[in-house]
Amino acid sequence: MYEFIKKQDAEVFAALAGEETREQEGLELIPSENYVSSAVREAQGSILTNKYSEGYPGKRYYGGQTYTDVAETLAIERAKKLFGAAYANVQTHSGSNANIAMYMALLQPGDTVLGMDLSHGGHLTHGHPVTYITKFFNFVRYKMKDPETGEIDYEEMRRVALEHKPKIVLAGFSAYSRELNYQKFVDIAREVGAYSVIDIAHIAGLIAGGAVKNPFDYGFDVMTSTTHKTLRGPRGGLILTRESEEIAKKIDKAVFPGLQGGPLMHVIAAKAVAFGEALQPQFKTYAAQVLKNAKAMEVVFRTAGVRMLGGGTSNHLILADVFGSLGITGQEAENVLDSVGITLNKNAIADDTRKPMDPSGIRFGTPAITTRGFSEGECTRVAELMLEAMKHKVDDAKLAAIREEIKVLAKKFPVPDSFV
Ligand code: DSN
């Protein structure tokens, strides 16, 4: 592998080879990461990177689009089928771009969005003050009513909506482990005349695989997403419109020429391949197993008395208050687990009193290890080893033994080349 890079560029080759070993010998528990198939990587590494294709299939600004049109149309049609959408835009380079384009399509400067507070699980692009979009749009927030159950404060959400008259009611999250009450979001949006939008980046694969509910079944107008998390595609974005042609047209215009220039046609071809994989029956089994594996890890943490935000998980991720329960900070936990070959991320917990760079929590999940073929037994063991490592964070001999066990486990479950 990488034979041309190896001959030509020793420095980049060393980085790629190092990452290859890191991924093969360690366990990836960052819940927003996954492994793609070799077919997805072939498409992403293909000659389509050579092509400029501004515009959309059949309506491009440059010539030579016979094959780019085929690739993009396949991606669009497969995305529509996967999610039950009438329209799909597959051009956004990322989930953040998908959200920005969605705001540009549906809002005028100064309009208001009602979204989830970052500290309760929302995403930066849902209106965190550090982001540039907050200079143009006004963001108001909702939170969990009770971090112990994860239930959203829908009454307060409705009150804020009635007071601020948002143009968008935005559901979705990047650090939240329960299912939302979709009907309440849609009802509140309709009551105040807002668009109902959900950012499904984290759970797109679970929706596509039928392991969790599809928000379109509850009447959401638009769904934004990434393609590289549970959906197991290349890094990129996706915007789906349930039924309105008017909204879909606004979204297409906002993506190009509004926000982006030439689409990444190699990535779009890789999206088409990944969506094709997600349409296979095996993907349903995968999505269901992601949830079962997360539950198995939840049981270990609960038995050990570790506080989990939302009281546990109904999806692919767990947010654990390790500082409150084990006296180890999120950063310390991330470091010690990294040293034994387990990659996850520190994460703020609801109303965290600690700083974002060294918060109280860790966030971890099962999409990537499930792709490797882990089932509940392996996941239970990984959760036990995580607790052991955190409890013995200064015991080098113990940590070395855990590192060895992780390496053996990882080697037993190599990252597969193909999922179909
Ligand atoms: N960085 C992603 C995540 O980890 O959830 C969200 O953008």
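One-based numbering along the sequence shown. Counting starts at 1 for both ligands and their atoms, in listed order.
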N/O donor-acceptor pair under 3.5 Å between Q260 side chain and H93 backbone: yes
Steps toward side chain to side chain donor-acceptor pair (under 3.5 Å) verdict (N138, D111): CA-CA 6 Å; N138 177 39; D111 280 349; over 6 Å; no
Parallel, tilted or perpendicular, as decided by the 30° and 60° cut-offs, for the rings of Y176 and F173: tilted
Within the protein, flag every N or O under 3.5 Å from an N or O of ligand 1, and note the pair and distance.
residue	atom	partner	partner atom	Å
ligand 1	4 (O)	S32	OG	2.6
ligand 1	4 (O)	R363	NH2	2.7
ligand 1	5 (O)	H202	NE2	2.7
ligand 1	5 (O)	R363	NH1	2.9
ligand 1	7 (O)	H123	NE2	2.8

No-hydrogen, no-angle side-chain donor-acceptor test under 3.5 Å, R232 and T371: yes
Ring-face cation contact, F220 with R242, 6.0 Å cut, 45° max: no
Residues in side-chain contact (heavy atoms from CB on, under 4.5 Å) contact with S46, at least two apart in sequence or another chain: L48, H266
